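Take a look at the structure set out below.
Predicted, not measured: the structure shown is a model, and the values here were computed from it. Each residue takes its place number in the sequence, starting with 1.
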Amino acid sequence: MDKSNYSGVTEFILLGLSGSTELQIFYFLFFTMFYVAILLGNFFIVLTVISEPVLHTPMYFLLSNLSFIDVCLSTFATPKMITDFLLEHKSISFNGCMTQIFFLHVFAGGEMLLLVAMAYDRYVAICKPLHYATIMSLHKCAGLVVASWVIGLLHSLSQLAFTVNLPFCGPNEVDSFFCDLPLVIKLACVDTYILEVMMLSDSGLMAMVSFILLLISYTVILVTMKYRSSASMAKARATLTAHITVVTLFFGPCIFIYAWPFSNFPVDKVLSVFYTVFTPLLNPIIYTLRNKEMKSAMQKLRGQLLNSRGLSQFLARRALHN
């Protein structure tokens with residue numbers, strides 16, 4: 001559908017993180033390294049879980065899906081942000097802006113529900129260990145992952161439905177490095193109070209409900225662990241600490257931004273960077289540093305890859321020599 005029929009704006013200007021030329025170069029190098037680290041770290045976790053039979057369990061299946069969705073969450077805007085650091089005119093088309101909004105809410109909504117599924121997995125493992133194999137089968141875990149994607153998709157479509165048809169006639173400057181829904185809505189040429197309330201009841205409510213469910217799950221788990229022997233709960237406690245850290249880092253910025261859509265705080269830009277760039281990198285670090293099984297499997301896979309590379313180089317040199 002031709003947006004020009006009801007909107008005079010064909011592109012949006014992204015103000016980015018800073019107008020300083022010196023900082024632009026620094027940010028380009030800094031975020032490029034971060035993005036490469038996100039890709040390598042998360043894909044290595046996925047590859048490790050797939051290749052190591054010991055990790056073919058519900059917990060690691062969900063973890064590998066978290067790593068994949070973290071890659072998606074960091075990719076919807078980060079490459080564009082990195083490219084813009086080298087450009088003087090930082091613009092994005094109307095369709096490109098709507099696409100960013102769509103994918104942000106698909107991936108962020110999916111990750112919220114995936115974190116809830118991971119908390120449920122830990123609840124069953126710690127509070128109902130004798131029934132764990134029955135309750136948390138790989139088939140059920142696959143269903144939870146599919147459900148998180150479907151609900152994330154429906155959530156995103158509901159957000160986009162009342163945004164894409166808004167009339168935009170200027171201004172067209174978005175004070176961020178990507179098209180964030182609260183900022184884009186404010187640029188519409190109509191009173192957006194009702195729309196902001198709808199966004200609050202959708203995104204804000206979804207984040208708050210997911211976070212409350214997680215708090216309840218982890219509270220029950222912590223109470224249960226209190227009455228178990230420290231020896232048997234040592235591994236569970238390490239895993240749980242990683243889960244709680246990830247949940248706090250992800251939900252904190254999301255709730256702050258989307259629970260108060262009527263106000264635009266200067267810190268919002270920093271928080272947006274945090275949950276789209278920093279958290280996807282911190283997740284693999286947190287889960288691998290706190291998990292002996294994962295560290296052992298990753299070291300094993302790295303050794304296999306190095307040996308395979310060494311063998312390939314040896315065969316190549318031998319073929320060249322012959």
Side-chain angles (χ1 to χ4, degrees), residues 28-82 103-104 106-108 110-115 117-119 121-122 125 136 138 141-142 144-146 148-149 152 235-236 238-250 273-314 316:
F28 171 79
L29 297 174
F30 180 76
F31 285 105
T32 297
M33 291 188 295
F34 254 75
Y35 184 61
V36 171
I38 289 170
L39 297 181
L40 293 178
N42 283 289
F43 277 132
F44 195 49
I45 286 180
V46 174
L47 183 60
T48 301
V49 173
I50 293 174
S51 62
E52 182 54 59
V54 176
L55 302 182
H56 292 175
T57 63
M59 183 179 76
Y60 293 110
F61 174 75
L62 294 173
L63 174 59
S64 64
N65 278 277
L66 178 66
S67 292
F68 176 73
I69 204 170
D70 272 336
V71 170
C72 296
L73 183 60
S74 64
T75 300
F76 89 94
T78 305
K80 165 69 174 169
M81 175 183 67
I82 292 172
F103 283 117
L104 168 63
V106 169
F107 301 141
E111 179 154 341
M112 287 180 188
L113 297 167
L114 189 57
L115 289 171
M118 294 177 72
D121 171 74
R122 290 300 86 204
M136 292 302 297
L138 287 176
C141 286
L144 291 172
V145 171
V146 171
S148 68
W149 281 100
K235 180 180 176 181
T239 304
L240 188 63
T241 301
H243 280 232
I244 293 175
T245 303
V246 169
V247 165
T248 303
L249 293 175
F250 180 76
V273 173
F274 202 87
Y275 75 82
T276 58
V277 182
F278 292 161
T279 302
L281 177 61
L282 291 174
N283 283 356
I285 295 174
I286 291 169
Y287 279 111
T288 54
L289 289 179
R290 303 289 301 183
N291 193 303
K292 292 182 180 180
E293 287 181 343
M294 179 59 72
K295 285 195 294 185
S296 176
M298 294 182 80
Q299 289 172 356
K300 179 181 177 181
L301 178 61
R302 184 172 57 185
Q304 291 174 345
L305 292 175
L306 290 175
N307 290 337
S308 176
R309 184 186 303 173
L311 179 60
S312 299
Q313 292 175 348
F314 171 76

Return the OG to CG distance between S67 and L47, rounded to the nearest 0.5 Å.
11.5 Å

Distance in Å, E111 CD paired with F68 CZ, rounded so as to fall on 0.5 Å steps
12.5 Å

With rounding to the nearest 0.5 Å, note down the distance linking OG in S148 to CD1 in I69.
5.5 Å

Might you point out which heavy atoms bring S64 and V46 nearest each other, and give the distance in Å?
O-CG2, 3.5 Å

Residue pairs passing the salt bridge (Lys or Arg N to Asp or Glu O under 4.0 Å) test with at least one member in residues 65-74, sequence neighbours excluded, are none

Please enumerate all residues that pass side-chain contact (heavy atoms from CB on, under 4.5 Å) together with L40, with sequence neighbours excluded.
V36

CD1 of I38 to CZ of F31: how many Å apart, nearest 0.5 Å?
9.5 Å

Under the ring pair (Phe, Tyr, Trp, His ring centres under 6.0 Å) rule, collect the residues that match up with F30, sequence neighbours excluded.
F26, F34

All side-chain contact (heavy atoms from CB on, under 4.5 Å) counterparts of F274, not counting sequence neighbours:
L249, P253, F278, T279, L282

Applying ring pair (Phe, Tyr, Trp, His ring centres under 6.0 Å) to F44 and not counting sequence neighbours gives none

Looking at residues at least two apart in the chain, or sitting in another chain, which of them share a side-chain contact (heavy atoms from CB on, under 4.5 Å) with L144?
A117, M136

List the residues meeting side-chain contact (heavy atoms from CB on, under 4.5 Å) with F28, not counting sequence neighbours, and say none if there are none.
T32, I82, F85, L86

Kindly state each residue pair satisfying salt bridge (Lys or Arg N to Asp or Glu O under 4.0 Å) with at least one member in residues 59-69, sequence neighbours excluded.
none

Scan for salt bridge (Lys or Arg N to Asp or Glu O under 4.0 Å) pairs involving residues 41-63, sequence neighbours excluded, and state none if there are none.
E52-K300

Just how far is it from atom CZ of F250 to atom CG of L66, taken to the nearest 0.5 Å?
9.0 Å

To the nearest 0.5 Å, tell me how far T57 OG1 sits from D121 CG.
7.5 Å

Apply side-chain hydrogen bond (donor to acceptor under 3.5 Å, both in side chains) to T75 and list each qualifying residue two or more places apart in sequence or on a separate chain.
Y35

Can you list everything that forms a side-chain hydrogen bond (donor to acceptor under 3.5 Å, both in side chains) with N65? Sequence neighbours excluded, please.
none

